[in-house]
Amino acid sequence: MRKTACADTPVQPLRGKQLAVLRAIAATPGGLRITAYPSAMPLLVEMGLVEERPASHTAHREGRAWFLTVEGRATVKAYGADES
């Protein structure tokens, strides 16, 4: 049975590192540093699960960080926030 975020919205199929990245972003409310996971982010952005947004300069000197989209949050919720 395929996991779904809502009754009619299928969840994107993810592999280990992609799911680990989404969980890392979910665990960082202020946004994940923009230089984190450079090989995984382009695909997650293309899938619509992650976006780059302005962030606090005190937390992120670049002034930008990675955040989950609404679909990204639903995906993390469907898969679970941790590995258990």
Side-chain angles (χ1 to χ4, degrees):
M1 184 173 169
R2 187 167 184 184
K3 296 181 180 199
T4 58
C6 299
D8 59 347
T9 306
V11 172
Q12 301 280 354
L14 299 172
R15 296 196 174 158
K17 185 167 188 168
Q18 297 163 341
L19 190 51
V21 171
L22 288 181
R23 288 174 173 155
I25 298 170
T28 314
L32 192 65
R33 63 186 164 82
I34 206 69
T35 57
Y37 303 102
S39 63
M41 290 302 182
L43 178 61
L44 295 174
V45 169
E46 185 178 312
M47 294 170 79
L49 301 175
V50 172
E51 63 185 357
E52 181 182 342
R53 292 195 324 235
S56 163
H57 281 282
T58 56
H60 301 282
R61 64 180 169 195
E62 301 90 359
R64 313 265 319 146
W66 294 114
F67 293 89
L68 294 176
T69 62
V70 172
E71 187 176 342
R73 283 190 294 278
T75 300
V76 170
K77 187 176 179 180
Y79 277 97
D82 59 21
E83 294 180 24
S84 58

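Keep in mind that what you see is a predicted model, and the values were worked out from it rather than measured.
Interatomic distance, CG of Leu49 versus CD1 of Ile25, reported as 9.0 Å (0.5 Å rounding). Rounding to the nearest 0.5 Å places CG of Leu22 at 8.0 Å from CE of Met47. Considering CZ of Arg64 and OG1 of Thr35, their distance stands at 14.0 Å, rounded to 0.5 Å. For the atom pair CG (Leu14) and CZ (Arg23), the distance works out to 9.5 Å, reported to the nearest 0.5 Å. Note: Leu43 CG to Arg15 CZ = 9.5 Å, rounded to the nearest 0.5 Å.
Across all their heavy atoms, Gly30 and Ala55 have their closest contact at O-CB, 4.2 Å. Contact detail for Ala27 and Pro29: the closest heavy-atom pair is O-CD, 3.4 Å. Residues Thr69 and Gly48 come closest through the heavy atom pair OG1-O, 2.6 Å. Residue Leu68 comes nearest to Arg73 through the heavy atom pair O-NH1, 3.1 Å, listed as atom of the first residue, atom of the second, then distance.
In terms of hydrophobic clustering, with Ile, Leu, Val, Met, Phe, Trp and Tyr side chains grouped at heavy-atom distances under 4.5 Å, Phe67 and Tyr37 are assigned to different clusters.
The side-chain heavy atoms of Met41 and Val21, taken from C-beta on, include a pair separated by under 4.5 Å.
Checked by atom type and distance alone, the side chain of Trp66 never pairs as donor or acceptor with a backbone atom of Glu52 at under 3.5 Å.
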